Structure formats: C-alpha cells, structure tokens
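For the single chain, residues carry numbers from 1 onward in sequence order. Only a predicted model underlies this, so the values are computations on that prediction, with no experimental measurement involved.
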Amino acid sequence: MFDFEKLDVYSKAKNLSKIVLKLLKEIKTIDPVLRDQFKRAVISIVLNIAEGSGKFSKADKRNFYTTARGSTYECVAILDILLEQSNITKEEFNKLYFEFETVSKMLLGLINSQK
C-alpha cells in the first residue's frame, strides 16, 4: 500500500472527484472550457496529494499539499460560476461546497504538519 492511500484526505478527495466527474457528465449546458477546467482542478487535488506523500522533505510535501489546496479553491470558484449560470442548484452547490471545505481543512492540517 502506498502512503497516500492511508490518508483520509486522499480518500475524501478521490470520492469528491468521482462526484464532480459524474455531475459534469450530467450537465449538458456547461461551457466546454469550464467543464475541462473543473475536471482538471478536481483531479489535481487527488494527484497532488498522492505526489506530495511520496516526497522526502517536509518542504516538498508541503508544496504539493499547498498546490492541492489551491486546486480546491479553484473548484469552489468554478462551483460559484456554475451556480451563477444556473448549471447547478443551490442544494448541489451547498453539498459540494461543504465537501470542498472539508478537504481544504484537512489539507491545511497536512500543510501545517510539514513545518
């Protein structure tokens, strides 16, 4: 088993990416550029957690976890745009917002543990 597979935040982020990717398949009215950016950002969270866990120095780990957190923020901004454009409901927004907020807090914990 790889180290990242033991991280709760990895499991949470991976599950969240699954939800987002499914949602993006269901929404037909979304701008293709926005769809692609959301896909790349949500996958980036998962990949940066995995890559960061494989680094040896705390600074390197912290850098990748910080990048993952930045991608989390990017996803929330995209969610906001999708809500504004009526591509998702307020209920969908709130559910996903809560999940991204949870991932963000977990990543902040990882970042702070690497000081």
Side-chain angles (χ1 to χ4, degrees):
M1 177 176 267
F2 291 92
D3 289 344
F4 67 86
E5 294 175 294
K6 300 172 192 170
L7 296 172
D8 289 337
V9 69
Y10 174 78
S11 296
K12 186 89 167 161
K14 189 172 81 167
N15 187 55
L16 185 53
S17 73
K18 182 176 157 185
I19 292 167
V20 167
L21 294 174
K22 182 177 183 239
L23 177 70
L24 289 174
K25 283 183 180 178
E26 295 169 0
I27 302 173
K28 302 299 181 201
T29 58
I30 187 172
D31 176 87
V33 174
L34 197 57
R35 178 189 310 276
D36 183 59
Q37 189 63 32
F38 203 7
K39 274 176 143 176
R40 289 187 298 117
V42 77
I43 292 168
S44 174
I45 299 168
V46 178
L47 297 179
N48 277 290
I49 293 168
E51 189 167 356
S53 74
K55 298 299 178 182
F56 290 106
S57 77
K58 287 186 174 193
D60 283 345
K61 286 179 186 283
R62 188 172 56 247
N63 182 50
F64 280 94
Y65 298 151
T66 300
T67 300
R69 192 162 186 254
S71 294
T72 304
Y73 277 53
E74 184 178 358
C75 287
V76 172
I78 294 169
L79 268 183
D80 195 31
I81 293 167
L82 292 178
L83 178 64
E84 188 175 89
Q85 294 180 347
S86 301
N87 285 304
I88 58 172
T89 65
K90 184 67 172 170
E91 182 181 324
E92 289 171 318
F93 173 87
N94 289 337
K95 181 180 181 221
L96 288 169
Y97 186 96
F98 174 79
E99 296 298 326
F100 281 115
E101 187 175 36
T102 300
V103 167
S104 177
K105 289 176 182 178
M106 294 170 84
L107 284 167
L108 184 59
L110 271 179
I111 291 163
N112 288 333
S113 73
Q114 300 304 312
K115 290 184 178 178

Query - Partner set under side chain to side chain contact (heavy atoms under 4.5 Å, CB included) for Asn94, not counting sequence neighbours - result: Lys90

**Report entry** Gap between atom CG of Leu23 and atom CD1 of Ile27 - 0.5 Å precision
**Finding:** 3.5 Å

Query raised in the report: Taking atom types as modelled, is there a side-chain donor on Tyr73 or Arg69 under 3.5 Å from an acceptor on the other?
Result: yes

Query raised in the report: Nearest 0.5 Å, what's the CD1-OH distance between Ile45 and Tyr65?
Result: 14.5 Å

Query - salt bridge (Lys or Arg N to Asp or Glu O under 4.0 Å) contacts in which one or both residues fall within residues 6-26, not counting sequence neighbours - result: Asp3-Lys6, Lys12-Glu99, Lys22-Glu26

**Report entry** Inter- and intrachain pairs under side chain to side chain donor-acceptor pair (under 3.5 Å), touching residues 34-52, at least two apart
**Finding:** Asp36-Arg40, Gln37-Arg40, Gln37-Glu74, Ser44-Asn48, Ser44-Ser71

Query - Value rounded to 0.5 Å, distance of CG in Asn63 from CD in Gln114 - result: 11.5 Å

Query raised in the report: Is Leu107 reachable from Phe2 through a run of I, L, V, M, F, W or Y residues, each pair having side-chain heavy atoms under 4.5 Å apart?
Result: yes

Requested in this report: Can you tell me which residue pairs pass the ring pair (Phe, Tyr, Trp, His ring centres under 6.0 Å) test with a partner in residues 8-45, sequence neighbours excluded?
Outcome: Phe4-Tyr10

Query raised in the report: What's the shortest heavy-atom distance between Ser104 and Thr72, and which atoms?
Result: CB-CG2, 4.0 Å

Query raised in the report: Is there a path of hydrophobic side-chain contacts, each under 4.5 Å between heavy atoms of I, L, V, M, F, W or Y residues, that connects Ile43 with Met106?
Result: yes

Report task. Step by step, work out the side-chain contact (heavy atoms from CB on, under 4.5 Å) result for Leu16 and Leu96. Result -> CA-CA 8 Å; Leu16 185 53; Leu96 288 169; 3.7 Å; yes

Report task. Find the distance between CZ (Phe64) and CD1 (Ile49) and round it off to the nearest 0.5 Å. Result -> 12.5 Å

Can you list, pair by pair, the side-chain donor-acceptor contacts under 3.5 Å of residues 76-85, counting residues two or more places apart and other chains?
unit_1 : atom_1 : unit_2 : atom_2 : d
Gln85  : OE1    : Asn87  : ND2    : 3.2

Report summary line: So OG of Ser113 and NZ of Lys58: to nearest 0.5 Å the spacing works out to 7.0 Å

Query - Shared hydrophobic cluster for Val42 and Leu24 (ILVMFWY, side-chain gaps under 4.5 Å) - result: yes

Report task. State, to 0.1 Å, how close Asn112 and Lys115 come at their nearest heavy-atom pair, and which atoms those are. Result -> OD1-NZ, 3.3 Å

Query raised in the report: Applying the 4.5 Å side-chain criterion to the ILVMFWY set and letting contacts propagate, would Phe56 and Leu7 be lumped into a single cluster?
Result: no

Requested in this report: Using the ring pair (Phe, Tyr, Trp, His ring centres under 6.0 Å) rule, collect all pairs that involve residues 78-113, keeping only residues at least two apart or in two chains.
Outcome: Phe93-Tyr97

